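In what follows, chains are A, B, ... by sequence order, proteins preceding strands, each numbered from 1. Nothing here was measured: the structure is a model prediction, and the numbers come from that model. Hydrogens, waters and symmetry mates play no part in the numbers below; they use all other heavy atoms, side chains included.
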Number of protein chains: 4
Amino acid sequence: MSESKADERDETAKPRRRQARGERRIQQLLDAAAHVFCRTGYTSASTNAIAREAGVSPGTLYQFFPNKEAIAVELGERLNRRMLETHGTVFTPENVGLPLGELLDTILDPMIEFNCANPAFLALIQSSDAPGRLLEEHAELHDSIQDRISELIGVRNPDLSPERRAHTTTMAFALFKAGLALILGHEGAEREAYVVELKTALYGYLAPVLGTEGVSARP
Amino acid sequence: MSESKADERDETAKPRRRQARGERRIQQLLDAAAHVFCRTGYTSASTNAIAREAGVSPGTLYQFFPNKEAIAVELGERLNRRMLETHGTVFTPENVGLPLGELLDTILDPMIEFNCANPAFLALIQSSDAPGRLLEEHAELHDSIQDRISELIGVRNPDLSPERRAHTTTMAFALFKAGLALILGHEGAEREAYVVELKTALYGYLAPVLGTEGVSARP
Amino acid sequence: MSESKADERDETAKPRRRQARGERRIQQLLDAAAHVFCRTGYTSASTNAIAREAGVSPGTLYQFFPNKEAIAVELGERLNRRMLETHGTVFTPENVGLPLGELLDTILDPMIEFNCANPAFLALIQSSDAPGRLLEEHAELHDSIQDRISELIGVRNPDLSPERRAHTTTMAFALFKAGLALILGHEGAEREAYVVELKTALYGYLAPVLGTEGVSARP
Amino acid sequence: MSESKADERDETAKPRRRQARGERRIQQLLDAAAHVFCRTGYTSASTNAIAREAGVSPGTLYQFFPNKEAIAVELGERLNRRMLETHGTVFTPENVGLPLGELLDTILDPMIEFNCANPAFLALIQSSDAPGRLLEEHAELHDSIQDRISELIGVRNPDLSPERRAHTTTMAFALFKAGLALILGHEGAEREAYVVELKTALYGYLAPVLGTEGVSARP
DNA sequence: GATGAATGAGGATTCATTCAT
DNA sequence: TATGAATGAATCCTCATTCAT
């Protein structure tokens, strides 16, 4: 008998048995959230707007998500998972050993394609409360991607100091996000043009660090 | 102190004094706004918070600005003006003809310095409601900077097609903003490291387009 | 005179300068809150209901109180202060030395009168989230009264052990609150009858501990 | 399918024939409700929380109870019934004739014991929306107890006027509830101490009305 | 011009209750 | 019967903006 006010939230990870309908609703809500996040950004997105977009009442939204943040987190996780499932195999030893131009093509093309199909991904990653400061709830998503980049760089050039590797990773990811925003902000030929620019930029940035030639995995 | 009842006599005859006092208020409010924008971003910044930070009442704020947007616009314009005044002379023909590395140093160093001293500048430029889509009120500021970059590129390489020049400009500016965000997000040695990374990135991106060697202005 | 130093900025910023209108509004809101608390109890009282009762918009309420709790706290403090100002002098040495019946009359009559005029006082003291567990925000009010009772008992019978004194205090206060609730819940002759019953109960409870005869203060 | 053992005096033939399983469910729900009422009080208890505590869905709860109030009513009735079954025999003529101290022991000890084991009882009786005003749904429970007290007093002292008897009853019950709240709010030695205080208080209050000596039932 | 007061629509979230499977 | 889904009004609170002094 020690707690007076706070409990209620039975977080005990009891995996809720959801009906098929509920699973559908969740997807519907996440789709709606993706729409709204893209339209207005995470911070300005209102749960009511998401519910409306999904064609349900506010209460229904809260049947599946405890709060706004959880929607973004779940959306981010699903997108991340889907991206890994679909394009997670690009970091094979063979690919990493390709000449830099081909390596970038191999990595970026599916990545860009995925993001064009799922622009909410970038919206989540970029949602910040202050310039440069990510909302906590999206940091994990952000980090999970950055980790993969870091690993790629580390494998490609194991001689980099941890600091340089970290800086290179962060900067490369920042460039990618910046270019991706341009790509998503345009269509058709313009979009294609920015794809080229992004690759050029990353090539120019990474070439001195990773080398342009193909390499073979070290024994 | 000692100009107490001077105002009462005539409301219109002393516009200078009123302006001076008003100007002080405006600067006070803009300083406060800069603070708050940096802390919370433009969208999340509340006019009440700005007024509080400035030590005045909300009503006073609205005596000088018709709405929240106008504050950002005025702040942006002033920052832009100050930047031009302070660092507007870097785009001289001699500078533009420098080897790329020196050119970047010449341009970026004061630019970065200015932005470190005035982080609100980036906050404004980055404040977006959706990824990649700037709030209307900041587009002008954004464009004015981009125009200068475009001009620099055009002068340095007059053979570029307008389209390529536009793409290069946009991308270069995007890279700059991305790097600047990293720079402002760190301090001390880390910050310096990201300055280097940003320069590296821009060098790598621009070298193929602008050439690395010094050039002399064409007749 | 001398509104001349208008430039003075109050750096302290904590003590809000309120206009007379605001002070009036606060009283109005507290009166409304008292009404609503009495009608529905603290927990069920809604801030919107309080604002409506006061004839203002919800926003106005929040101009003066940061949240619902603060309303109750301020109301409690004001009532407590007023009670002390009005009836705080009953615990004089002479009174404490009176025969028990007269002592109770002396203490209870103004106390009851005050509570009949301000029934919100009891509403606050009794507001609990679980039976027997007071809401934090009202504990202070509760304790401040109990302390006075404890002191009275201690002066009247200095030989009581601290434990017995504490138990007696708590129980006597509980009896008082229980009787007061009955008193406030009735009117006219019924009310008077319960006043008598309450005094009887307290007399019967306290007589063995405090003695029925008058005592003189010990040196 | 034998509905044969219809010893139903239930003339109205409620469609509510409960099966064993339903009965179990009901008990489950009432137990959960008791828990939640004790934790948060009646008003703050949510039907969802009760269902969760019972491990069933909200829909199931509403299959057995038409609304939240009905849960409290049924819980109260069951507790009342159990109390009567277990301790209902204390009001025998012999007991009523005991000396007051023993009479109180005889009545209060099992009463307190029962309430310690079933704290929801007090929670229900005390759940009020406004100080002193019981929620309708619990008035009946409240009255049924008070009636028994009234009867006891009437038997013990038949000369009391109906008014005095009513006042004494109400006050005595109020004292009991107040003391009981203290008892339930403490544990161990403290709890025992408050048991003593409660008995002292009731003794002091009732002695003048009921006399302290044992009496024999009048013919 | 300066102030604090006032507004009210809108934000996130909850909850008693009903519905559909 | 049991379940989870669905509802929508109500909750506390915020904020850009306007008003009165």
Inter- and intrachain pairs under salt bridge (charged side-chain N to carboxylate O under 4.0 Å, His left out), touching residues 47-56 of chain A, at least two apart: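 Counting only pairs at least two positions apart or across chains, the salt bridge (charged side-chain N to carboxylate O under 4.0 Å, His left out) contacts touching residues 47-56 of chain A are A:Arg39-A:Glu53.
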Quick one: which residue pairs count as a salt bridge (charged side-chain N to carboxylate O under 4.0 Å, His left out) with a foot in residues 24-34 of chain A, not counting sequence neighbours?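 Those involving residues 24-34 of chain A do not exist here.
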Separation of [N] [atom2] from [X] [atom1] (nearest whole Å):
X       : N      : atom1 : atom2 : result
D:Leu61 : F:dT1  : CG    : P     : 14 Å
D:Arg52 : F:dA2  : CZ    : P     : 19 Å
C:Phe65 : F:dT14 : CZ    : C1'   : 18 Å
A:Gln27 : F:dA5  : CD    : P     : 15 Å
C:Ile50 : F:dC13 : CD1   : C1'   : 13 Å
B:Tyr42 : F:dC15 : OH    : C1'   : 13 Å
B:Arg24 : E:dA2  : CZ    : C1'   : 14 Å

Apply salt bridge (charged side-chain N to carboxylate O under 4.0 Å, His left out) to D:Glu77 and list each qualifying residue two or more places apart in sequence or on a separate chain.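 None.
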Quick one: stems for DNA chain F, with Watson-Crick or G-U pairs under 3.5 Å, at least three in a row?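 In DNA chain F, stems of three or more pairs: E:2-21 with F:2-21.
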The criterion is side-chain contact (heavy atoms from CB on, under 4.5 Å); which residues satisfy it with C:Ala34, sequence neighbours excluded?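 Once residues adjacent in sequence are excluded, the partners of C:Ala34 under the side-chain contact (heavy atoms from CB on, under 4.5 Å) criterion are C:Leu75, C:Ala120.
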Got a sec, which residues hit side-chain contact (heavy atoms from CB on, under 4.5 Å) with A:Ala72, two or more places apart in sequence or on another chain?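 With neighbours one apart ignored, the set is A:Phe37, A:Tyr42, A:Leu124, A:His138.
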Indicate, with a heavy-atom threshold strictly under 4.0 Å, whether B:Phe64 touches base, sugar-phosphate, or nothing.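 Sugar-phosphate contact only.
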For D:Ser57 and A:Arg25, find the nucleotide of DNA chain F closest to each by heavy atoms; which residue's nucleotide sits nearer the 5' end?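 Closer to the 5' end of DNA chain F: D:Ser57.
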Check whether any side-chain heavy atom of B:Pro58 lies under 4.5 Å from a side-chain heavy atom of B:Thr47, and answer yes or no.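 Of all side-chain heavy-atom pairs linking B:Thr47 with B:Pro58, none is under 4.5 Å.
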With side chains defined as the heavy atoms from C-beta onward, is the minimum distance between C:Leu61 and C:Asn48 less than 4.5 Å?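 Result no, sub-4.5 Å side-chain heavy-atom pair not found.
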Among residues at least two apart in sequence or on other chains, which ones pass side-chain hydrogen bond (donor to acceptor under 3.5 Å, both in side chains) with B:Thr60?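 B:Thr60: side-chain hydrogen bond (donor to acceptor under 3.5 Å, both in side chains) contacts with B:Ser57.
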Can you name the residues that form a side-chain hydrogen bond (donor to acceptor under 3.5 Å, both in side chains) with C:Glu74, not counting sequence neighbours?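 Expected list: C:Arg78.
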Each nucleotide in nucleotides 16-21 of chain F should get exactly one letter: B, S or -. Can you fill that in based on protein heavy atoms under 4.0 Å? BBB---
